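Note that the coordinates shown come from a computational prediction; the quantities given were computed from them, not determined experimentally. Chain letters run A, B, ... following the sequence lines, proteins first, then strands; residues in each count from 1. FYI, side chains are in, hydrogens and waters are out, and symmetry mates aren't considered; it's all heavy atoms of this structure.
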Protein chains: 2
Amino acid sequence: MYLCLIMSNLRFATAIHILVLLDKNRNELITSDFIAGSLNVHPVVVRREIKVLREAGYIESKKGKEGGCALAMEANKILLGDLYKLVNKENMLGRKNRPNPDCAIGRQMNNKLDVLFNKAEEGLVALLNKQSLKDFSDSFE
Amino acid sequence: MYLCLIMSNLRFATAIHILVLLDKNRNELITSDFIAGSLNVHPVVVRREIKVLREAGYIESKKGKEGGCALAMEANKILLGDLYKLVNKENMLGRKNRPNPDCAIGRQMNNKLDVLFNKAEEGLVALLNKQSLKDFSDSFE
DNA sequence: CTAAATGAAACACTTTTTGTTACAATATTG
DNA sequence: CAATATTGTAACAAAAAGTGTTTCATTTAG
């Protein structure tokens, strides 16, 4: 398991933005250019995140002219904690030093930090999972 | 308030390592060189973190020959959630894009994310605050 | 005075993250 | 079938964040 405690990238904000737009435009195919316009980033950045969301089963996309993407799940089944884990999959664990193994404390430190970080991660994900994409999206006017 | 969800730096791990060493060597002044040896990093990196811990009142240091630093508080008064906030003070809020203000969704997004991130941060800090430096330090053999 | 330590600034280096270009593949429309 | 609009992806460039290092002034003990 991994733990990310500092949101040092924009991926969670980007992913949730994409999903809200798709939820607000159900029954339509939305292009990455349109999403990029709302997010104010490059369309390729959007497509990168779309790939992750698609592979996780949250959305599906259609290639070619008149293509675009749409939600592939009910919005109330998409939980924000799961989304958080998804976009931070690779580097979830809090970063650790490589302490001196000759030091009695240093030797044990990373195992202790792992325990601490894992507990924190579980709590955080559980907390975020109390809210679904639907809850979040419905809070918009 | 701020929220950091991904631990993309080593500062929390470094700060907690320093504090555990000081707790395990109470009644002694520990040099940044000694700490750096245990952490396996440059002494200046240690002194940078020591400055933050000192200004927060957790430790005090003595200059000059035979100098060093020591805990300035009881270890059970130092809560890990507070420590987490301290080392991530500047960039705690999850990072956000700068969405297009002409988009009805984009316009509202960052306020909504702030609410979400603040709630998550509070929960995370509360969870970490269940553990003090003493609890953590005592778990070492 | 000398030695050992902190304090702090400045800069270099590395890693992470984001932005951009380019182009192949695919599907729709006429 | 040709033209067009779109996704998908790779490769690279640029920017930002984080860490490492050098340097030196200051302080204190002996």
Using atom [atom1] of [X] as one end and atom [atom2] of [N] as the other, report the distance to the nearest whole Å.
| X | N | atom1 | atom2 | value |
| --- | --- | --- | --- | --- |
| Asn88(B) | dA17(D) | CG | P | 14 Å |
| Phe12(B) | dA17(D) | CZ | P | 22 Å |
| Lys62(B) | dT28(D) | NZ | C1' | 7 Å |
| Arg11(B) | dG20(D) | CZ | P | 13 Å |
| Glu66(A) | dT29(C) | CD | P | 5 Å |
| Glu49(B) | dT19(D) | CD | C1' | 12 Å |
| Asn97(A) | dG20(D) | CG | P | 8 Å |
| Asp33(A) | dT7(D) | CG | P | 7 Å |

Check your understanding: Judged by modelled atom types alone, do Asn97(A) and Asn40(B) share a side-chain donor-acceptor pair under 3.5 Å?
Key -> no

Check your understanding: Does the cation-pi check pass for Lys112(B) over Phe140(A), that is, NZ or CZ under 6.0 Å from the six-membered ring centre and within 45° of its axis?
Key ->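 Cation-pi check for Lys112(B) and Phe140(A): passes.
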
Point to revise | Among dT22(D), dT6(C), dA10(D), the nucleotide that comes nearest once only the side chain of Val44(A) is considered | key: dA10(D)

**Study point:** Candidate nucleotides dG7(C), dT19(D), dT7(D), ranked by approach to the side chain of Thr31(A) - the nearest
**Key:**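 Within the option list, the nearest is dT7(D).
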
Review point. Quick one: on DNA chain C, does Val45(A) or Lys65(A) contact a more 5' nucleotide (nearest heavy atom)?
Key: Val45(A)

Exercise for review: Between Lys63(A) and Val41(A), name the one whose nearest nucleotide on DNA chain C is closer to the 5' end.
Suggested key: Val41(A)

Exercise for review: Using a strict cut-off of less than 4.0 Å between a Lys/Arg side-chain nitrogen and an Asp/Glu carboxylate oxygen, indicate whether Arg54(B) and Glu60(B) qualify as a salt bridge.
Suggested key: no

Check your understanding: Is it true that Asp102(B) and Arg107(B) have a side-chain N and a carboxylate O under 4.0 angstrom from each other?
Key ->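 Result for this pair is no, no salt bridge flagged.
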
Practice item. Determine the sole option in Asn111(B), Asp114(B), Asn110(B) for which the side chain to side chain donor-acceptor pair (under 3.5 Å) test with Lys96(B) is passed. Key: Asp114(B)

Do the side-chain N or O atoms of [X] get closer than 4.0 angstrom to the phosphate oxygens (OP1, OP2) of [N]?
| X | N | value |
| --- | --- | --- |
| Ser32(A) | dT7(D) | yes |
| Ser61(B) | dG7(C) | yes |
| Arg47(A) | dG8(D) | no |

Point to revise | Pair of N/O donor and acceptor under 3.5 Å linking dG18(D) base with Arg48(B) side chain | key: no

